K.L.:
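One structure, pasted below without further comment.
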Amino acid sequence: MKVATWNVNSLTARWPRVQEWIHRHEPDVLLLQETKQSDDKFPFAALTEMGYEAAHFGQGQWNGVAILSRVGLSDVHHGLEGDIEARFIGATCNGLRVYSCYVPNGRALNDPHYDYKLRWLEALRIVLSGRDRAQPVMVGGDFNVALSDFDVYDPTAFEGTTHVSVAERDALAALLATDLVDLGRYFHADEPNYTWWDYRNGAFRRGWGLRIDYLLCDGATAARVSDAYVDRDERKGEKPSDHAPVVTEFSW
DNA sequence: ATGTCCCAACTTTTGGGA
């Protein structure tokens, strides 16, 4: 099984690259974030022709999450308790429970959106804490949190900002504490393995990245994983997303 | 160290969000 997660920063703008990426990588399951589409704009028909079933939870201009699968798609649920935005969708694909997550950005430590982010992460923790531990699970997405300073190109540049605060890191660590493995870090402990680079300031060229996109899974599934890597090349070229896909492969 | 991209709209330029 090959599962990937990718914040595409508008599926409308990214559709040519997403199609090309799917043809090249042939993922069994692809988790998308920031589709920025309403459900009626989502390319269900084109995906069917490509061999993928899809579930989309969209709201239009902002947010939007999806799950694409060529190995079956059932038991779709979307939304977190108390949340009105399109940031969370789950489905079962070939016995694997998968979730596509787009965690709120937070904007600034003194912004109401920051409190919303922390509440959102706690609502996700409750869902993951209460899950059926007998079922294999893969949680992927844009978490908008760099777990440690090693996940940040220049920690001093981020002092006093979101993505690196103690409360955010504690909230992400609390997700992992529901017995989930951070696959990207587990398989690449010695490389930063950034997943996002700002469009501005030539950040990609300068190596100014953050690791804020994750694939998390239960321990039994992690034991079957051969690798989890960032497809850094996808950040290059014409009209890239500001995020690179994170990809994992495991026996199934 | 704020150099871009994407979206919507009272749309051909501006403002909000990331």
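Below, chains carry the letters A, B, ... as their sequence lines are ordered, and counting in each starts from 1. Quantities reported herein were computed from a predicted structural model and do not represent experimental measurements. These values consider heavy atoms only, across backbone and side chains, with no hydrogens, waters or symmetry-generated copies.
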K.L.:
Figure out the NE2/P separation between A:His113 and B:dA18, and round it to whole Å.
P.N.:
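So the two atoms are 5 Å apart, to the nearest Å.
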K.L.:
If you find the nucleotide of DNA chain B closest to A:Tyr199 and the one closest to A:Lys36, which residue's nucleotide is nearer the 5' end?
P.N.:
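Its nearest nucleotide being more 5', the pick is A:Tyr199.
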K.L.:
I need the OH-C1' distance between A:Tyr116 and B:dA18, as an integer number of Å.
P.N.:
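A:Tyr116 atom OH is separated from B:dA18 atom C1' by 14 Å.
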K.L.:
Looking only at atom C1', what distance separates B:dT2 and B:dA18, rounded to whole Å?
P.N.:
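Pairwise C1' distance, B:dT2 against B:dA18, rounds to 13 Å.
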K.L.:
At less than 4.0 Å, is any side-chain N or O atom of A:Arg200 found next to OP1 or OP2 of B:dA1? Yes or no.
P.N.:
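Checking B:dA1 against A:Arg200, no side-chain N or O comes under 4.0 Å of OP1 or OP2.
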K.L.:
A:Glu34 CD to B:dA8 P: how many Å, rounded?
P.N.:
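To the nearest whole Å, that distance equals 13 Å.
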K.L.:
Rounding to the closest angstrom, what is the interatomic distance between B:dC6 and B:dT11 at atom P?
P.N.:
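It comes out at 22 Å once rounded to the nearest Å.
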K.L.:
What is the distance from CG of A:Leu210 to P of B:dA18, rounded to the nearest Å?
P.N.:
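So the two atoms are 15 Å apart, to the nearest Å.
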K.L.:
Using the six-membered ring wherever Trp is involved, compare the ring planes of A:Tyr153 and A:Trp208 and label them parallel, tilted or perpendicular (cut-offs 30° and 60°).
P.N.:
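Aromatic pair A:Tyr153/A:Trp208 classed parallel.
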K.L.:
Measure from the side-chain heavy atoms of A:Thr12 and tell me the nearest of B:dG16, B:dC7, B:dA1.
P.N.:
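The answer is B:dC7, which lies nearest to the side chain.
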K.L.:
Indicate, with a heavy-atom threshold strictly under 4.0 Å, whether A:Arg14 touches base, sugar-phosphate, or nothing.
P.N.:
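Contact class for A:Arg14: sugar-phosphate only.
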K.L.:
Please check the phosphate of B:dG3 (OP1 and OP2 only) for any side-chain N or O of A:Arg205 closer than 4.0 Å.
P.N.:
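No, outside the criterion.
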K.L.:
Measure the distance from CZ on A:Phe158 to P on B:dA1 and round it to the nearest whole Å.
P.N.:
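For the pair A:Phe158 CZ and B:dA1 P, the rounded distance is 13 Å.
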K.L.:
Is A:Arg224 paired with A:Asp218 through a side-chain N to carboxylate O contact shorter than 4.0 Å?
P.N.:
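The answer is no: the pair does not qualify as a salt bridge.
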K.L.:
Whole angstroms only, please: what is the CG-C1' distance between A:Asp198 and B:dG3?
P.N.:
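Between C1' of B:dG3 and CG of A:Asp198: 10 Å.
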K.L.:
Where does the angle between the aromatic ring planes of A:Phe88 and A:Tyr99 fall among parallel (under 30°), tilted (30 to 60°) and perpendicular (over 60°)?
P.N.:
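Rings of A:Phe88 and A:Tyr99: parallel, under 30°.
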K.L.:
Please figure out whether A:Lys239 or A:Asn105 has its closest DNA chain B nucleotide nearer the 5' end.
P.N.:
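Looking at the nearest nucleotide for each, A:Lys239 comes out on the 5' side.
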K.L.:
Could you measure between the two P atoms, the one in B:dT14 and the one in B:dA1, and give it in whole Å?
P.N.:
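Rounded to whole Å, the distance is 27 Å.
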K.L.:
Rounded to whole angstroms, how far apart are CG on A:Asp213 and P on B:dA18?
P.N.:
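Roughly 15 Å, once rounded to whole Å.
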K.L.:
At what distance, to the nearest 0.5 angstrom, does CG of A:Leu180 lie from CG of A:Leu216?
P.N.:
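With rounding to 0.5 Å, CG (A:Leu180) is 5.5 Å from CG (A:Leu216).
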K.L.:
Between B:dC5 and B:dC10, how far apart are the two P atoms, rounded to whole Å?
P.N.:
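So the two P atoms sit 26 Å from each other.
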K.L.:
Over all heavy atoms of both residues, which pair between A:Leu215 and A:Gly140 is shortest? Give the atoms and the distance, please.
P.N.:
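Closest approach of A:Leu215 to A:Gly140, heavy atoms only: CD2-CA, 3.9 Å.
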K.L.:
From the set B:dT2, B:dA1, B:dA8, return the single nucleotide nearest to any side-chain atom of A:Ala157.
P.N.:
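Nearest listed nucleotide: B:dA1.
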K.L.:
Taking the minimum atom-to-atom distance to the side chain of A:Tyr153, which one of B:dT4, B:dA1, B:dC6 wins?
P.N.:
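Selected nucleotide (nearest to the side chain): B:dA1.
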K.L.:
With a 4.0 Å cut-off on N to O distance, would you call A:Lys117 and A:Glu168 a salt bridge?
P.N.:
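Salt bridge flag = yes for A:Glu168 with A:Lys117.
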K.L.:
Roughly how many Å apart are B:dT12 and B:dC7, using the C1' atom of each and rounding to a whole number?
P.N.:
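Per the computed distance, 16 Å lies between those C1' atoms.
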K.L.:
Choosing from B:dC7, B:dG16, B:dT4, which nucleotide comes nearest the side chain of A:Ser10?
P.N.:
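Nearest listed nucleotide: B:dC7.
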K.L.:
Whole Å only: how far is the CH2 atom of A:Trp62 from the C1' atom of B:dC6?
P.N.:
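Distance, rounded to whole Å: 7 Å.
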